[in-house]
Protein chains: 2
Amino acid sequence: MRPTVKDIARHAGVSAATVSLVLRNSPLVAAATRAGVQTSMDSLGYVYHRAAANLRMRLTHTVGLVICEITNPFYAELAAGIDDALDQAGWVAFVANTAESPTRQSRFIARMREHRVDGILLAPAEGTSAEVVDELSRNGIPVVQMLRRVGRSADYVSADFRLGMTLAAEHLIRLGHQRIAFVGGARRVSPARDRTEAFRAILPRFGLPVGPIVNCLPTREGGAAAVGQLFRDKSSAPTAVVCHNDLCALGVMLGLADLGLVPGRDAAVVGFDNIPEGAMHRPALTTVAIGGRQIGEEGARLLLRRIKSPEGPPESIILPPKLVVRESCGPRPSI
Amino acid sequence: MRPTVKDIARHAGVSAATVSLVLRNSPLVAAATRAGVQTSMDSLGYVYHRAAANLRMRLTHTVGLVICEITNPFYAELAAGIDDALDQAGWVAFVANTAESPTRQSRFIARMREHRVDGILLAPAEGTSAEVVDELSRNGIPVVQMLRRVGRSADYVSADFRLGMTLAAEHLIRLGHQRIAFVGGARRVSPARDRTEAFRAILPRFGLPVGPIVNCLPTREGGAAAVGQLFRDKSSAPTAVVCHNDLCALGVMLGLADLGLVPGRDAAVVGFDNIPEGAMHRPALTTVAIGGRQIGEEGARLLLRRIKSPEGPPESIILPPKLVVRESCGPRPSI
DNA sequence: AAATACTATTGGAACGATCTAAATCATAAA
DNA sequence: TTTATGATTTAGATCGTTCCAATAGTATTT
């Protein structure tokens, strides 16, 4: 059996209450007593039983991390950022990978509530209803929505996807492109909507037609497949493609290559996210950097703040994206 | 305040003990009583307080997941597999990303012990001493080491990297290659050692010299940099390169492309892991599939078994790798 | 009718910490 | 010597559950 405060108390010749005070670094306890208790703890190999303490205190110092797809490198970065911030504060996260399944997500959330997490970091699965977030808020469980916003009752951390799309489009327009396509947008999630709306809005402002929009999954496979649709008819094919994310953009470049076209020369390609593999690709991918790691850190910190002071209206942190120009966008090809 | 079993008991007109029996689906309780308790729970919005129950029972139904680098897509797959298996069993995992830092790792493990995890799934950071695992084992905390083995006192799940290397090398030899290099091996971890040793062993068996071995980090950057060393002198350059992992292999292909060489034509490249991006690359990467997801699942299941019955000698599960032939290996280029 | 067996239910003590309020102790002041 | 003061220490209740042993209640057997 592992030693408890009682065992330490007996061994050190004090009461359990005193041991507890030592554990909590209370100034009330005399230096000599503290030292004695410390040596007892060392010699018995005491391990603090946080779960037992949690029962008495109101906090578990634990949060739930619910992620829509951990194998997506962008969300892996997000998770790493969260892990960093929580580590600094001495907190731990339960993790759950919903794989974009709202059912799985609900199951995970229920399980985490049973474990009495103090709050939840949620990158919602596609198709998550606002009710999921509202229900948690109603029950006094702080939630921070990350990237995808499904409810208005909880905090939100994200990037300004509209601005990101504007940066990307303006860059292409400045290079002389006039037929600009958008690939992605199949997802029924706020960042996809934001991008699509911004895309529809920015082109007319420059007197350009809103190029074709192809719905596809934001994966390499989806991007590669979209190329087939866009470039079937050479005469109407776009000269530039903005993609929902880098994964998708890498797919588009792959699709172009398979058609014998060179990305950056025969068609410009821009992505979103700035995942590492974009930089280590040829041609290197021009992209809108979203800063997943930073969003994760900010999200974790916001959640901890919210747990400490649950009052006040929901907060939003919207980080500005940055255009990273690399090789995948050349000037409009002369026809 | 959230309702407790006592509140439910009062509301349903039974004792707390009976509510507990209902919660645990005990056959002891009469159908009518059970129904009454159920409706009380529904109407009061009861949420099971597992942490409190844990204190009484000896299990927390919680494991620690300590991963050396979650942003590496291979380990992300591993994590997804673990998550799947735990979900099926109704368990939850605390997650920690050590980012290859043994210090961070020790801190995380200590924190998880305070939370009284029932076991730990460990993909050890580079430089982890056997003592870390032994200490846990001595204290009766089940550990499953994943991929990297640092101690003999705990279970281990991995792939047969020696066999993997043999498959890769034989494939290249069969294609006619005679100057075969190995890129990777900088890591002081068992899978790297296994690969290196197998590499050294297999070539002499075919009467071939053990080609150059370049130590580098198993990243795109590392692979790309290694190309510079290997292909500086054209006359002695290898015709085939086996890489520590796919990330590294993608880097090597990038480096080759930057030298104007075409992977698969001017030099063959093989990776390890079979991460998704290898398939969606041109040329598509030939690789030794390790099955990270499956290793994760097996590891989680093994840990749960071990938690249920802690007795018995440490177990090892070594899964066979599979060669996935794609485009990055052609026959030996005629000079 | 009494004894037996079985089914449902329950009070109260755990689990391992913290918290409150009160007790103890030394020291200085009256 | 007594009292006041401040510094330490502690007994005992508490958090929300499960477990044990005991208690009713009901049906079956003798």
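Hydrogens, waters and symmetry mates are skipped; everything else that's a heavy atom, side chains included, is used. In what follows, chains are A, B, ... by sequence order, proteins preceding strands, each numbered from 1.
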Which of B:L303, B:N54, B:T60 passes side-chain contact (heavy atoms from CB on, under 4.5 Å) with B:D118? It is B:T60
To the nearest 0.5 Å, atom CG of A:L65 lies from atom CD1 of A:I82 at 4.5 Å
With sugar-phosphate taken as primed atoms, P, OP1 and OP2 and all else as base, the protein-contact string of nucleotides 8-18 of chain D at under 4.0 Å (heavy atoms; B, S, -) is SBBB-BBBBBB
> Do A:R306 and A:V144 have side chains that get closer than 4.5 Å, going by heavy atoms?
Replying inline: no
CD of B:Q145 to CZ of B:R152, rounded to nearest 0.5 Å, is 8.5 Å
Output for pair (A:E131 CD, A:R138 CZ), nearest 0.5 Å, gives 4.5 Å
Note: chain A reaches DNA chain C at heavy-atom distances under 4.0 Å over the stretch, first to last nt, 5' to 3', of C:dG16 to C:dC19
* **Aromatic plane relationship, B:H115 with B:F94 - under 30° parallel, 30 to 60° tilted, over 60° perpendicular** => tilted
Checking A:S15 against A:T18 for the side chain to side chain donor-acceptor pair (under 3.5 Å) test, could you report, in this order, the C-alpha distance in whole Å, the side-chain angles of both residues, the deciding distance, and whether it holds? CA-CA 5 Å; A:S15 76; A:T18 302; 3.2 Å; yes
